[in-house]
Amino acid sequence: RPLTLYAASSMTNAIEEIARQYEARYGQKVITSFAASSSLARQIAAGAPADLFISANTRWMQFLADKKAIQPNTNKPLLKNRLALIRSEYAKQPVSLATLADQLGDERLALANPDHVPAGIYARQALENSGQWPSLAPHLALGQNVRATLLLVERGEAPYGIVYNTDARQSTKLSQIELIPDTLHEPIVYPVALLLQPLPEAMQLYQFLFSSEASAIFNRYGFQPIKANPSHAE
Amino acid sequence: MTLQITLEKQLGEINLDIDLNLQETGITALFGRSGAGKTSIINLIAGLEKPDAGKILIGDRVVFDAARNINLPPQKRQIGYVFQGSRLFPHYTVKGNLNYGRRHKDPESLNTIAELLGIEQLLHRYPAALSGGEQQRVAIGRALLSNPAMLLMDEPLASLDEPRKKELFPYIEQLAKEINIPIIYVSHSLDELLRLADQMVLIDQGRVIRHGEVADIWNSEAMLPWQPEQDISVILEACIREHSSRYSMSCLALGDRLSLWTPFIDAPVASRVRMRIHARDISLVRQPAEQSSIRNVIPVSVVDMTSTDNTSACLITLRAGQHILKSSISRWAAEELAIHPGEQLFAQIKGGSISRNDQVANLQPSNAFLIAR
Amino acid sequence: MTLQITLEKQLGEINLDIDLNLQETGITALFGRSGAGKTSIINLIAGLEKPDAGKILIGDRVVFDAARNINLPPQKRQIGYVFQGSRLFPHYTVKGNLNYGRRHKDPESLNTIAELLGIEQLLHRYPAALSGGEQQRVAIGRALLSNPAMLLMDEPLASLDEPRKKELFPYIEQLAKEINIPIIYVSHSLDELLRLADQMVLIDQGRVIRHGEVADIWNSEAMLPWQPEQDISVILEACIREHSSRYSMSCLALGDRLSLWTPFIDAPVASRVRMRIHARDISLVRQPAEQSSIRNVIPVSVVDMTSTDNTSACLITLRAGQHILKSSISRWAAEELAIHPGEQLFAQIKGGSISRNDQVANLQPSNAFLIAR
Amino acid sequence: MLSEYEISALLLSLKVSGSAVLFSLPLAILVAWVLARYHFPGKALLDSLIHLPLVLPPVVIGYLLLISMGRQGVIGSRLYEWFGVSFSFSWQGAALAAAIVAFPLMVRAIRLSLQAVDIKLEQAARTLGASPLKVFFTITLPLTVPGLLAGTILAFARSLGEFGATITFVSNIPGETRTLPLAMFSFIETPGAEAEAARLCLISIVVALAALLISEGLTRMAQKRLAL
Amino acid sequence: MLSEYEISALLLSLKVSGSAVLFSLPLAILVAWVLARYHFPGKALLDSLIHLPLVLPPVVIGYLLLISMGRQGVIGSRLYEWFGVSFSFSWQGAALAAAIVAFPLMVRAIRLSLQAVDIKLEQAARTLGASPLKVFFTITLPLTVPGLLAGTILAFARSLGEFGATITFVSNIPGETRTLPLAMFSFIETPGAEAEAARLCLISIVVALAALLISEGLTRMAQKRLAL
Ligand SMILES: Nc1ncnc2c1ncn2[C@@H]1O[C@H](COP(=O)(O)OP(=O)(O)OP(=O)(O)O)[C@@H](O)[C@H]1O
Ligand SMILES: Nc1ncnc2c1ncn2[C@@H]1O[C@H](COP(=O)(O)OP(=O)(O)OP(=O)(O)O)[C@@H](O)[C@H]1O
Ligand code: MOO
Ligand SMILES: [Mg+2]
Ligand SMILES: [Mg+2]
């Protein structure tokens, strides 16, 4: 049977490309399934037939580790990402994190839901650490995921938003993308892990994810691959 | 009030082609077989259907004119319509139904009509809690209270069973007496026709066959198809000469010295009544029997006689004064008595055989009476 | 085949409490007012409703017994049921409907029944394309073809208009003649009763009032409420003495030397027929008129006379041979003739006034004839 | 018993679903009427269009709403310019999304009920002098009440459960657009918050059951009244 | 004209929705029958329970399905143990999700239609010797055809659009569970892929329209045949 890779939906494009590369290289089919990290994690806990899982945050990976649904020693950070403050085409004034609260006025700041969406959780940390959270909190529009949040800004519903840099870079409808200093929040880490009973070839794909070929692709989509030595993961 | 109708309409295979000019008040019966087009005609008058061509005038109001592209909607035609089923509104009380078509909801006219129709006790019930006959009376009241210039009734009794019909009959008779707007009454019941109608229009295959006084049309050959052999009858119209209160009988004047005794008719002397006499109820004798229970023995002359070979009956047309009578006797008797046209005989008409049912509406515009029952 | 019914059932306000023992083949009429419980009784027999208590035996099969907790479902009772509306299955053709209840679908019996009912031409149509009368004939055929041990018919003609009724009548008469299973026929029409039934059961308020021969019950006072004053009649059962082919008449033997001439009856000499004679069609004389069109002048003795004050009529009960007749004459005539009980008179009965409609089913088990029309 | 958070979500859900149903009812009646009574070219197409919200995933509907009715949307921008009306991030937007998603169910139920109204009663009313409008409001509509109730409750239930279109169109704003399903979603997405999600789920179910039972009762009353 | 990807999603959607409808039809008929013909204590509750999938957000339904019918689920594990049947992450699971979400719509339409069948015809069939089962299959069911068609098509349309329960229950696996809405979602999630999403949206609409039009035609045929 082919390999099955579950990945957070914010990685769709990059993972698809890497899967195709892998197929070409090793002649083995890879099935990819994209959904919210939460859905995927719950499905894996319920016995989903996946071999590898890439989560958009460490929380859901930890959830699986607690349930003993992954091989703990294969749980490695794969990528890092950055947050970006974005401005809609429809918003005239350039914006910066420092002046965000003032510039917002009656408008709303689009944010992924900080209750559960990783991007939202990181964004809240950044805003708290920059001291703006209290004044911004009543002016938020919360998306169910990063993509929905980006959409709100793209359509001009909200003039500004905070999303992953990777998503922001793929959009053509933004007039400004300003990276938020990664000192303001925990590192944004995408961990990967093998599940309990993967196909033998799963390790090969696991290692391929850390290869320079894959890194190049990740880079192209704005992710920052973490150079770890996957061979340690036995 | 006149009603002028010139209409054409294709109804499935039947082509309705009507040219009618009703000058009359009172009840005009539309009579004809099932499928003749009766309902269609009154639907066209009411505006519920649209003619293909033609013109409809009610009084001097043009309600439809194909040439001038006039087609008043039903609610502008001021026509009351009592449908075959009662079509009461199930979500209104009787009172609500009665009030539906009224502009001025004064209580007097409501009470008058409710009394006329015997529905005073029912005003606060819902239609579902009424019997079929009560429903139909409410429907009539509802139509009347909408203050129509003309009333259309489409077999208002047809959906009712026999006892229910009997119950409703008097109300309609009463109605015709007290309401003075023209009524068009659709029916294919001979009984209703005789008791209610002043004028009649005979419809067949979408065309008007006859139109005129009920008695004239009844006694014409156009009505023969509706009168089975054993049911042939004539309609007499005559004035009441005297009453015998002792025997509960009344005497009709058929001619100067010709009288016909009938069960008591509750109408003043001199009023004109209509009466149906079945051919089978008239027997013929050369000499009156001396002591007979038959009250009416009238000298008549034979006008005509017809018989068909494979039946036992022979139909004799007789003249009594200005009136025509018909007698159905056996061929055997006809031969034995050697009856021939021109001959003078005596007709025996059983007084009791003129049933109350056969005494029908007064024809005078005065609307002076109606048989009580 | 016998049918024994002992039943109790509460129906709204009416308590159905029936104890019936039908021994007969032929048609038994259940007769009574609307709401008397007729439909309920046959629904209980068919198993469509469940009695509160009691027992039903068809032949020797117990189909219901409250005490022994037996309650056969309708499909096990082998009872054919013709409903008031035809209840044809709209998604089957006529043939499909006819075949629905058959186990052995042999074409012969289908064709026989289809011919009997005149529906051979309709086999491939759907019910929606049939007239009301045709639908009802198919429904009858369908019930017959399910090979029932007994046939129930609930006012099979009631939903039809007059011409449709006329069309269906002969088929049902034919049926009673050719099918030899017992038929229970619900009706509140006097006409149907007279023409079709051998036995009758009079139901009122959920109880059996009378049960027996049609003629016996008809002539009893139990039937008076159904006979309006002008419609009082007696039923005679008599044998045919001779025919006159020349005059298309038949002679009935009322007694040794007593004869009654009627329009031709299409049945062999000596067969027994039933005949309805209206009281209004009998007049009385002391001496027969010499030259009269009335064929039947019969010596009678006065048995009884009744009259009410506010009507003109007087009802005289007469004896002619073993037969009882009734005559309705005016009070005036009765007084003038000074009629009193015990007296000998002559009754004049117009031959032509005994309409064909009034000559009804043969009563002999031989089922030898039925009036053709 | 209920936390403030739950009460807020519940009240909002009731407001959103209630308005969705109330405001779409007149249009649903109109559309159902047209479909029930008239034949015209393109009728099948209109009928199908009305069913579209049933066929499309709610997220797509939310997306389409955003494009058309959003602040920069084709229609939404005009509405804002001309009338100052904006659905953005407001409970009205949530109601709009709910109304659209529930619309086909509402129309279908009302249409069936309208088709069952006896046209003969309407004709009778016309001959009694009633204008078509009076006929509609005094005869047709009252006789459609059972269908209206059924359609309304069906639509209400569907609105209560609406999630995808709402969150996509008007996002998740506490007190403004965070209805029961959106609150539920947040908990489901949070590891270990199953209990809170279950509580909200239960609240939803109780509300829906209550609504269904009430409508059953009302329908039975209406039918009894009409003796149908 | 259509890409391989689109064709695969389309065929899968048809397979999933088709099976969902076909397999839930008998149960829907049974439930509709019980609701239409019997009165029993708790009937209102059963009726309400059947409406639940309408009220709950699909994501919640998917979550409940995962918990109960997943391979580790209360019911799912038994099913797998005893019959070797598993809904997990297979198109059968997607069909199950679709069936559950569409069930209330199907039951409602069939129930209405069953209520309209004249019990007198069934009585007539009984007196002709037909067992209750024969009556049901030869009289009741054929006369319910218009309602069955309506219910089926409504359920099919709803199944076609099902997203939340599916992705939560059986994930988003190409060729196995990635139906049209899930494929659409993937594109919507991908920045700049609006055109592809729109194409899929159009395909969905065309399929649904076709299904609706076909059912209209069939219904009209059935009604004509029955002369209703
Ligand atoms: N809309 C229509 N389309 C086609 N045929 C029609 C239409 N309306 C009526 N007809 C036909 O026209 C004829 C006349 O119908 P109508 O109802 O006027 O008859 P009627 O005289 O009232 O009969 P009845 O006494 O049975 O009520 C019938 O043959 C009927 O089938
Ligand atoms: N299920 C029932 N519940 C309550 N009352 C009933 C029920 N069925 C019949 N009845 C009542 O029982 C009485 C007898 O009804 P049934 O239908 O047997 O009368 P019927 O003699 O057939 O009358 P018709 O000649 O009008 O057909 C009526 O008063 C009716 O209202
Ligand atoms: O892909 Mo995520 O887990 O919704 O940001
Ligand atoms: Mg008519
Ligand atoms: Mg009955």
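In what follows, chains carry the letters A, B, and so on, assigned in the order in which the sequence lines appear, proteins first and then strands, with residues in each chain numbered from 1.
Using a 4.5 Å cut-off between heavy atoms, Arg77(B) makes no contact with chain D at all. Only the backbone of Leu88(B) comes within less than 4.5 Å of a heavy atom of chain D; no side-chain atom from C-beta onward does. For Phe83(B), the part sitting under 4.5 Å from any heavy atom of chain D is the side chain, from C-beta outward, and nothing else.
By the 30° and 60° cut-offs, the orientation of the rings of Phe87(D) relative to Phe169(D) is tilted.
Looking at Lys120(D), its side chain never comes within 3.5 Å of a backbone N or O of Arg87(B) through a donor-acceptor pair.
Ranking Gly101(B), Ala46(B), Ala143(B) against chain D, the residue ahead of the rest is Gly101(B), based on heavy-atom pairs under 4.5 Å.
Geometrically, Arg142(B) does not engage Tyr92(B) in a cation-pi contact, judged by NZ or CZ lying under 6.0 Å from the ring centre and within 45° of the ring axis.
Under 3.5 Å, the side chains of Thr140(D) and Glu122(D) contain a donor-acceptor pair of N or O atoms.
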